[in-house]
Amino acid sequence: MPEFDEGAGRLSFKLVYYGPAQSGKTSNLMQLHELLCAELKGELMTLETQSDRTLFFDLLPLGMRAPSGLLVKLRLFTVPGQVQHDGTRKAVLSRADGVVFVADSQRREASNNAEAFQNLAGNAARVGLDFERLPLVVQFNKRDLPDIAPQAEILARYAATPWPVTFATATRGEGVAESLARLLEAVYRRHDADFGLGARHGLSAEAFVQAFVGSVRVTM
Ligand SMILES: Nc1nc2c(ncn2[C@@H]2O[C@H](COP(=O)(O)OP(=O)(O)O)[C@@H](O)[C@H]2O)c(=O)[nH]1
Ligand SMILES: [Mg+2]
């Protein structure tokens, strides 16, 4: 559930970029930080521990105001993909309101993607998230590289699942805003009724998504 501070009139959604090591999670956040309009965004922060240089997450706070005055915030995180950092992944995934699963499109990464997806489903259950209802978008990144699975093959594979699939080249900023937009659509659907986003706050799904990614030319 999102954090709702009734007194301050603030609703905050936690969105997590999850996936195998090196799939492009941090690149997604760095590009969003570049692309999104300045008044929405805060600092892109990277936390590292002394024990391991690769152990970090990124936090990108974004905010907008609904017609009712409600302040809607997003906090975007990435998790470390390395197998040994499962504790950090669980901590970051805890209380997530939505996930972009960043897969690496290269054929040789297929088993790493599958393992990371299993890890996501398992950790979601471990931190008490209802995986069936969790807003989730599957992004296939690194479309610029050779020997990638073709779009048609990937779409066929995911056709029977409830999850939208997007394609990205995060290092060029392509597909990055679109992936966030698809996730925001799912997040809105999941919480519209609970928080009266449309009925009480005058915030349509389109306005919600556009407030965050409207400044970006969506490329695929
Ligand atoms: N060719 C290519 N490289 C990418 C792409 N996205 C990320 N990378 C590279 O893959 C490596 C890992 O990216 P990073 O964002 O740190 O992955 P993370 O471990 O998931 O956070 C870096 O060298 C990136 O420059 C992409 O779309 N295309
Ligand atoms: Mg990273």
Side-chain angles (χ1 to χ4, degrees), residues 14-36 41-62 74-94 96 98-124 136-151 153-155 163-183 213 216-220:
K14 178 181 185 178
L15 308 181
V16 177
Y17 283 66
Y18 208 99
Q22 301 287 309
S23 65
K25 302 176 293 296
T26 295
S27 300
N28 266 267
L29 258 65
M30 286 169 60
Q31 285 293 332
L32 285 170
H33 194 251
E34 285 291 305
L35 291 168
L36 299 175
K41 67 193 182 190
E43 288 299 295
L44 182 64
M45 307 198 307
T46 298
L47 304 191
E48 304 189 15
T49 65
Q50 314 96 313
S51 60
D52 197 320
R53 227 176 48 77
T54 63
L55 178 55
F56 62 92
F57 60 85
D58 306 315
L59 168 62
L60 175 54
L62 306 168
L74 306 181
R75 289 171 303 144
L76 272 49
F77 293 84
T78 70
V79 299
Q82 285 79 4
V83 174
Q84 67 270 28
H85 295 316
D86 205 42
T88 308
R89 267 197 300 283
K90 265 186 289 202
V92 174
L93 187 62
S94 171
V99 170
V100 174
F101 182 84
V102 181
D104 188 320
S105 296
Q106 296 175 94
R107 287 193 181 279
R108 63 159 194 256
E109 298 298 326
S111 65
N112 286 333
N113 292 334
E115 205 174 295
F117 197 86
Q118 284 301 112
N119 177 263
L120 167 62
N123 278 345
L136 173 67
V137 169
V138 179
Q139 178 196 84
F140 277 82
N141 187 35
K142 305 198 183 183
R143 300 308 296 171
D144 58 320
L145 292 182
D147 201 27
I148 54 175
Q151 284 202 12
E153 182 185 312
I154 292 167
L155 290 172
W163 307 302
V165 174
T166 60
F167 296 93
T169 300
T171 39
R172 293 189 199 141
E174 294 169 13
V176 165
E178 206 241 357
S179 302
L180 178 60
R182 300 304 300 273
L183 183 61
V213 302
V216 184
R217 188 173 53 92
V218 170
T219 51
M220 269 299 276

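Atoms within a ligand are numbered from 1 in the order they appear, just like the ligands themselves. Because the structure is a prediction, the values reported are computed rather than measured.
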Mind checking the [atom1]-[atom2] spacing from [X] to [Y]? Nearest 0.5 Å is all I need.
X      : Y      : atom1 : atom2 : result
Arg182 : Leu136 : CZ    : CG    : 12.0 Å
Lys142 : Asp147 : NZ    : CG    : 13.5 Å
Leu15  : Leu180 : CG    : CG    : 7.0 Å

Centroid-centroid under 6.0 Å between Tyr17 and Phe77 rings | no
Hey, does [X] come in under 3.5 Å of ligand 1, counting only N/O atoms on both sides?
X      : value
Thr169 : no
Gly24  : yes
Arg143 : no
Ala168 : no

Establish, from distance only, whether the side-chain atoms of Asn112 and Glu109 form a donor-acceptor pair under 3.5 Å.
-> yes
Without hydrogens or angle criteria, can the side chains of Asn119 and Asp86 be said to hold a donor-acceptor pair below 3.5 Å?
-> yes
Are Gly19 and ligand 1 in contact, using a heavy-atom cut-off of under 4.0 Å?
-> no
For ligand 1, is there an atom lying under 4.0 Å from some heavy atom of Thr171?
-> yes
Heavy atom under 4.0 Å from ligand 1: found in Thr78's side chain, backbone, both, or neither?
-> neither
Hey, is there an N, O or S on Thr26 sitting under 2.8 Å from the Mg ion (ligand 2)?
-> yes
